Amino acid sequence: MKLWLLIPCFWVSAVAAVDVIFVDAQQQQGVRSPTLSFCQARFYEEDDGRLYCNWAVNFRYACFVWWPTNKVIPAGAKLSEPEVVGKCGNGEPVYKLHHY
């Protein structure tokens, strides 16, 4: 067996382990990346420092989720105000929200 073929495998696994440790450390420190969420305008509601809506991961899913979800976004996590990015087939406007 050629041992020199195993060296790249060990190197890749060592680099992957370091990457996992780094990502895990970021999550424990509360470092979060900005994200986008989409929802129908009729479900959007700001109440007591919280944002409620039928949050979805993209425009298409926002049109197919016909009820508010359990996901609540803190109002302080907003990076921008909701903006209309289009309409569903039934004419309902869809908001895009950039937040943490």
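The figures that follow rest on heavy atoms only: side chains count, while hydrogens, waters and symmetry mates do not. This chain uses plain numbering: 1 for the first residue, then up along the sequence. Since the structure is predicted, the reported quantities are computational estimates derived from the model, not experimental observations.
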Close side-chain approach of [X] and [Y], heavy atoms under 4.5 Å:
X	Y	value
Phe43	Pro68	yes
Trp55	Tyr44	yes
Trp66	Gln40	yes
Leu97	Leu51	yes
Leu79	Tyr100	yes
Val84	Tyr95	yes

*From Glu92 CD over to Asn54 CG, what is the distance, rounded to the nearest 0.5 angstrom?*
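Those atoms lie 8.5 Å apart.
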
**Prompt:** Does the pair His99 and Thr35 meet the rule for a side-chain contact (heavy atoms from CB on, under 4.5 Å), with working shown?
**Reply:** CA-CA 6 Å; His99 64 91; Thr35 188; 3.2 Å; yes

message = Between Lys78 and Glu46, does any side-chain N to carboxylate O distance fall below 4.0 Å?
response = yes

Check the pair Ser37, Ile73 against side-chain contact (heavy atoms from CB on, under 4.5 Å), reporting the backbone distance first and the verdict last. CA-CA 10 Å; Ser37 292; Ile73 298 174; 4.2 Å; yes

Are more than 12 heavy atoms, taken from residues, nucleotides or ligands other than Arg50, located less than 6.0 Å from that residue's CZ atom?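 No - once you tally the heavy atoms of other residues, nucleotides and ligands closer than 6.0 Å, there are 12 at most.
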
Exercise for review: Answer yes or no: does atom NZ of Lys71 have more than 12 heavy-atom neighbours from other residues, nucleotides or ligands under 6.0 Å?
Suggested key: yes

Inset, instruction - Establish, yes or no, whether a centroid distance under 6.0 Å links the rings of Phe59 and Phe38. - result: no

Practice item. Run the numbers on Lys87 and Val94 for side-chain contact (heavy atoms from CB on, under 4.5 Å), then give the verdict. Key: CA-CA 6 Å; Lys87 293 184 179 182; Val94 174; over 6 Å; no

